[in-house]
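These numbers come from a predicted model, not from an experiment. Chain letters run A, B, ... following the sequence lines, proteins first, then strands; residues in each count from 1.
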Amino acid sequence: MIKAIRGTRDILPPASSLWNHVEAATRKVCHGFHYQEIRTPIFEETALFARGVGAETDIVSKEMYTWDDRDGTSITLRPENTASVIRAYIEHRLDQIPGLKKLYYIGPMFRRERPQKGRYRQFSQIGAECIGSESPVVDAEIIELALDILQSCGVQNPHLLLNSVGCPACRPQFIEALRERLQSVKHTMCADCQRRADTNALRVLDCKVPEDQNIIDSLPSIQDHLCEACSKHFATVRTLLEALGIDYEIRSRLVRGLDYYTRTTFEVTHGALGAQNSILGGGRYDGLAESLGSRVPAPGIGFSIGEDRLVMAIEEHVKAEDLARLDVFLIAMGDAALHHAALLARELRAAGASVELSADHKVKRAMETANKLNAKYALILGDNEIAAGVYALKDMAAGTQESLSKEALLARFGA
RNA sequence: GCGCGUGUAGCUCAGUCGGUAGUAGCGCCAGAUUGUGGUUCUGGAUGUCGUGGGUUCGAAUCCCACCACGCGCCCCA
């Protein structure tokens with residue numbers, strides 16, 4: 001048997017209704033903030049990600065699905081979408097269009113990692129980007145958007161972590177200070193940290209080994225090394241978030257894995273997700289456009305939500321079965337009734353109801369099916385009803401049945 | 001990519017010291033007289049024991065490899 005390949009999966013009903021629920025809620029919230037959808041290709045030239053995400057990152061150096069096209073061009077399935085969005089922004093000269101570019105996307109991404117709970121090789125991200133402004137107002141707003149999406153999808157108790165990673169003017173100095181300090185203490189740390197101290201000093205801050213935590217707490221904080229402009233920017237973001245009533249935790253150890261981030265970075269974690277407890281990550285990327293070869297600057301900020309993880313976070317209390325609930329199981333008895341029932345089904349659907357027409361001839365069998373499908377109502381249409389000009393509507397949960405005129409029936413479903 | 005664990009019916013699982021698979025539960029199908037489900041009762045179907053090798057007279061059981069999933073590491077959504 002051929003099976004879905006490692007790290008990919010089928011999303012079947014009724015679980016797929018959770019995904020629809022999440023995506024519908026996202027679109028609605030995005031509309032409220034006047035973000036509009038952008039759809040970019042799921043594969044791009046490899047160079048886009050190498051330059052955008054950073055050739056030294058794990059994503060680019062070992063996790064991409066890459067192959068050579070027939071003309072020799074190196075092609076890669078997108079591992080994330082921000083680089084593509086900025087590419088589209090530059091390519092189509094969106095900077096020439098008035099106003100800030102506020103874009104959102106929903107779609108699959110690909111990374112060749114070891115699959116785990118909440119980590120797949122094909123996974124879906126919901127993200128948004130606001131391009132064209134360096135203002136901290138935009139930072140606060142996009143964080144608000146991100147949290148609104150989570151909330152409207154039904155995520156309970158999201159935890160917002162906030163940091164600033166500085167800019168090309170101040171971050172190198174911080175890294176230097178960090179590296180210097182590590183030289184004197186790294187021999188007391190775990191093997192991984194000793195390695196990171198030389199290769200990627202920022203990563204030491206992310207270490208989860210309990211014995212290392214005291215040392216890490218004593219390391220220099222980037223908060224103390226921000227330049228004046230970054231410091232002011234960050235202070236304004238915090239003030240705005242507080243004005244919006246958004247709770248956050250400063251996590252000066254929060255460093256992100258993508259090279260393009262500057263200034264504000266943030267992450268949302270959620271319990272009950274296991275080791276992959278990060279549900280959302282984002283940040284500002286003021287230099288990304290230039291590093292992709294743009295002649296015009298395109299400062300921006302964005303985030304992406306792991307849709308698989310988002311669904312996982314809500315499936316305990318948002319029931320997929322209820323989202324895809326069948327309203328009416330329509331039971332027709334006899335050929336005359338069947339003709340009648342098909343037309344009635346059409347009217348009920350027009351009124352907004354979810355309707356299935358029974359294929360069973362025996363009422364008993366049809367009722368059994370209605371029960372198994374968890375229909376709200378069984379609607380019985382036979383010779384008796386046709387003669388009397390009424391419809392027998394049975395409430396499956398209550399077990400009660402009533403005779404209704406067509407008008408009363410349609411009114412029941414909001415027509 | 002590394003370490004640990006798991007893999008038997010559609011699902012959850014039992015299976016002794018290696019002796020040729022279970023009346024198991026749930027689900028599914030069919031019945032219990034003619035237009036009414038859920039509870040109950042009766043009957044029934046379904047397995048390459050993850051895959052491929054090896055050891056053995058004999059392997060679901062022991063060994064090896066591979067695959068998939070889970071947990072952790074790395075890293076990240």
Side-chain angles (χ1 to χ4, degrees), chain A residues 1-9 12 53 56-63 78-82 105-127 146 150 190-193 195-196 199-200 202-203 206-209 254-258 266-270 273-283 302-313 329 331-334 337 358 360-386 392-401:
Chain A
M1 264 308 290
I2 297 173
K3 296 196 288 188
I5 65 177
R6 183 177 175 76
T8 71
R9 57 188 184 145
L12 307 170
V53 179
E56 301 310 312
T57 60
D58 276 24
I59 292 176
V60 172
S61 65
K62 59 184 191 191
E63 296 174 359
R78 64 184 185 190
E80 59 102 49
N81 206 25
T82 300
Y105 59 85
I106 300 172
M109 310 293 160
F110 305 85
R111 293 183 200 172
R112 199 178 188 293
E113 297 180 274
R114 181 69 181 261
Q116 231 174 293
K117 188 185 187 72
R119 166 185 291 170
Y120 305 97
R121 289 183 171 182
Q122 176 179 332
F123 60 102
S124 182
Q125 286 190 333
I126 294 171
L150 295 182
C190 69
D192 283 333
C193 280
R195 178 177 49 77
R196 294 181 191 124
T199 60
N200 192 347
L202 285 177
R203 284 264 152 258
D206 249 359
C207 178
K208 278 136 194 147
V209 176
L254 176 67
V255 291
R256 305 223 53 87
L258 284 62
F266 54 100
E267 180 168 328
V268 174
T269 58
H270 189 272
L273 286 183
Q276 269 62 52
N277 68 343
S278 174
I279 197 171
L280 174 155
F303 66 84
S304 66
I305 297 169
E307 190 176 2
D308 304 74
R309 293 179 187 177
L310 170 52
V311 168
M312 213 180 296
F329 193 72
I331 303 167
M333 300 169 60
S358 172
D360 284 311
H361 296 299
K362 292 183 185 172
V363 178
K364 184 183 175 66
R365 294 243 337 121
M367 288 299 294
E368 282 172 358
T369 304
N371 186 54
K372 283 171 190 165
L373 293 178
N374 193 28
K376 278 193 192 118
Y377 298 100
L379 181 56
I380 299 152
L381 183 54
D383 295 340
N384 298 347
E385 284 74 22
I386 291 174
L393 186 69
K394 179 161 187 174
D395 183 317
M396 295 300 285
T400 55
Q401 186 168 319

(request) Respond yes when some side-chain nitrogen or oxygen of A:Lys62 is under 4.0 Å from OP1 or OP2 of B:C76, and no when none is. (result) no
(request) Answer with base, sugar-phosphate or nothing: what part of the nucleic acid does A:Gln122 contact at a heavy-atom distance below 4.0 Å? (result) nothing
(message) Suppose you measure atom P in B:C11 against the same atom in B:C69; what distance do you get, rounded to whole Å?
(response) 15 Å
(request) Write down the distance separating the P atoms in B:G50 and B:U6, rounded off to the nearest Å. (result) 13 Å
(message) Need one value for A:Gln401: base, sugar-phosphate or nothing, where a base atom within 4.0 Å counts as base even if backbone is also close, heavy atoms only.
(response) base
(request) Would you mind reading off the distance between A:Met312 atom CE and B:C76 atom C1', rounded to a whole angstrom? (result) 14 Å
(message) Which residue is it: A:Ile59, A:Val60, A:Asp58? I am looking for the one with a side-chain contact (heavy atoms from CB on, under 4.5 Å) to A:Lys62.
(response) A:Asp58
(message) Work out how far the C1' atom of B:G54 is from that of B:C75, and round it to whole angstrom.
(response) 38 Å
(message) Does A:Ile126 reach a base, just sugar-phosphate, or nothing at all? Heavy atoms under 4.0 Å.
(response) nothing
(request) Name the nucleic acid region contacted by A:Asn384, choosing base, sugar-phosphate or nothing; use a 4.0 angstrom heavy-atom cut-off, strictly under. (result) base
(request) For the pair A:Arg121 and A:Glu113, find out whether any cationic side-chain nitrogen is under 4.0 Å from an anionic carboxylate oxygen. (result) no
(request) For B:G1, take OP1 and OP2 only and decide whether either is under 4.0 Å from a side-chain N or O of A:Arg112. (result) yes
(request) Tell which nucleotide pairs with B:U23, taking only Watson-Crick or G-U wobble pairs whose two distances are both under 3.5 angstrom. (result) none
(request) Return the value, rounded to whole Å, for the distance between atom CZ of A:Arg121 and atom P of B:C76. (result) 17 Å
(message) What's A:Arg365 touching, base or sugar-phosphate or nothing? Going by heavy atoms closer than 4.0 Å.
(response) sugar-phosphate
(message) Without decimals, in angstroms, what is the distance between A:Phe329 CZ and B:G37 P?
(response) 14 Å
(request) Calculate the interatomic distance between A:Asp383 atom CG and B:U36 atom P; express it in whole Å. (result) 14 Å
(request) Please tell me if the side chains of A:Met396 and A:Asn371 come closer than 4.5 Å, counting only heavy atoms from C-beta onward. (result) yes
(request) Could you check how far OH of A:Tyr120 sits from C1' of B:C76, rounded to whole Å? (result) 14 Å
(request) For B:G52 and B:C67, measure between their C1' atoms and round to the nearest Å. (result) 10 Å
(message) When the P atoms of B:U20 and B:G27 are compared, how many Å lie between them, rounded to an integer?
(response) 31 Å
(request) Name the closest nucleotide to the A:Ile380 side chain, picking from B:C74, B:G37, B:G35. (result) B:G35
(request) Sort out the partner of B:G7 for me: Watson-Crick or G-U wobble, both distances under 3.5 Å, none otherwise. (result) B:C67
(request) Measure the shortest side-chain to side-chain distance between A:Glu80 and A:Val53 over non-hydrogen atoms and say whether it is less than 4.5 angstrom. (result) yes
(request) Could you pick out which residue, A:Ser304 or A:Met333, lies toward the 5' side of RNA chain B when each is mapped onto its nearest nucleotide? (result) A:Met333
(request) Could you check A:Phe123 against A:Gly7 and say which one's nearest nucleotide on RNA chain B is further toward the 5' end? (result) A:Gly7
(request) Ignoring the backbone of A:Lys362, work out which of B:C74, B:G31, B:U36 is nearest its side chain. (result) B:G31
(request) Flag the pair A:Asp308 and A:Arg9 as a salt bridge only when some basic side-chain nitrogen lies within less than 4.0 angstrom of an acidic carboxylate oxygen. (result) yes
(message) Measuring only between side-chain heavy atoms, which start at C-beta, is A:Phe266 closer than 4.5 Å to A:Leu280?
(response) yes
(message) Strictly by Watson-Crick or wobble contacts shorter than 3.5 Å, is anything paired with B:U56, and which nucleotide is it?
(response) none
(request) Starting from P on B:C76, measure out to CG on A:Leu310 and report it in whole angstrom. (result) 21 Å
(request) Measure from the side-chain N and O atoms of A:Thr8 to the backbone N and O of A:Ala4, and report whether any donor-acceptor pair falls under 3.5 Å. (result) no
(request) Write down the distance between CD1 (A:Ile106) and P (B:A77), rounded to a whole number of angstrom. (result) 18 Å
(message) Using Watson-Crick or G-U wobble geometry with both distances under 3.5 Å, which nucleotide pairs with B:C17?
(response) none
(request) Output the distance between atom CD (A:Gln125) and atom CZ (A:Arg78), rounded to the nearest 0.5 Å. (result) 8.5 Å
(request) For B:A59 and B:G19, measure between their C1' atoms and round to the nearest Å. (result) 10 Å
(message) What I want to check is whether an N or O donor and acceptor connect the side chain of A:Arg309 with the base of B:C76 at under 3.5 Å.
(response) yes
(message) What I want to check is whether an N or O donor and acceptor connect the side chain of A:Glu63 with the base of B:G1 at under 3.5 Å.
(response) no
(request) Kindly point out which of B:G37, B:C29, B:C76 is positioned nearest to the side chain of A:Arg111? (result) B:C76
(message) Is any side-chain heavy atom of A:Arg114 closer than 4.5 Å to one of A:Arg6?
(response) yes
(request) Using the P atom as the reference point in each nucleotide, state the distance between B:U46 and B:C4 in Å, no decimals. (result) 41 Å
(message) Any strand counts, and the cut-off is 3.5 Å on both contacts for Watson-Crick or G-U wobble. Which nucleotide pairs with B:G1?
(response) B:C73
(request) Round to a whole Å and report the spacing from NZ of A:Lys117 to C1' of B:C69. (result) 11 Å
(message) Check this one for me: any side-chain N or O of A:Lys394 less than 4.0 Å away from OP1 or OP2 of B:G37?
(response) no
(request) Using the P atoms only, state how far B:G7 lies from B:C64, rounded to an integer number of Å. (result) 16 Å
(message) Quick check on B:C69: is either OP1 or OP2 less than 4.0 Å from any side-chain nitrogen or oxygen of A:Gln116?
(response) no
(request) For A:Glu307, report the nucleic acid contact type (base, sugar-phosphate, nothing); a contact means any heavy atom under 4.0 Å. (result) nothing
(request) Name the nucleic acid region contacted by A:Ala397, choosing base, sugar-phosphate or nothing; use a 4.0 angstrom heavy-atom cut-off, strictly under. (result) base
(message) Counting distance alone, no hydrogens or angles: does the base of B:G38 have a donor or acceptor under 3.5 Å from a partner atom on the side chain of A:Asn371?
(response) no
(message) Using Watson-Crick or G-U wobble geometry with both distances under 3.5 Å, which nucleotide pairs with B:C28?
(response) B:G44
(message) Under 4.0 Å, heavy atoms only, any strand: does A:Gly399 hit a base, just the sugar-phosphate, or nothing?
(response) base
(message) Whether A:Arg114 contacts B:G1 is assessed here as follows: a side-chain N or O lying under 4.0 Å from the phosphate OP1 or OP2. Is that the case?
(response) no
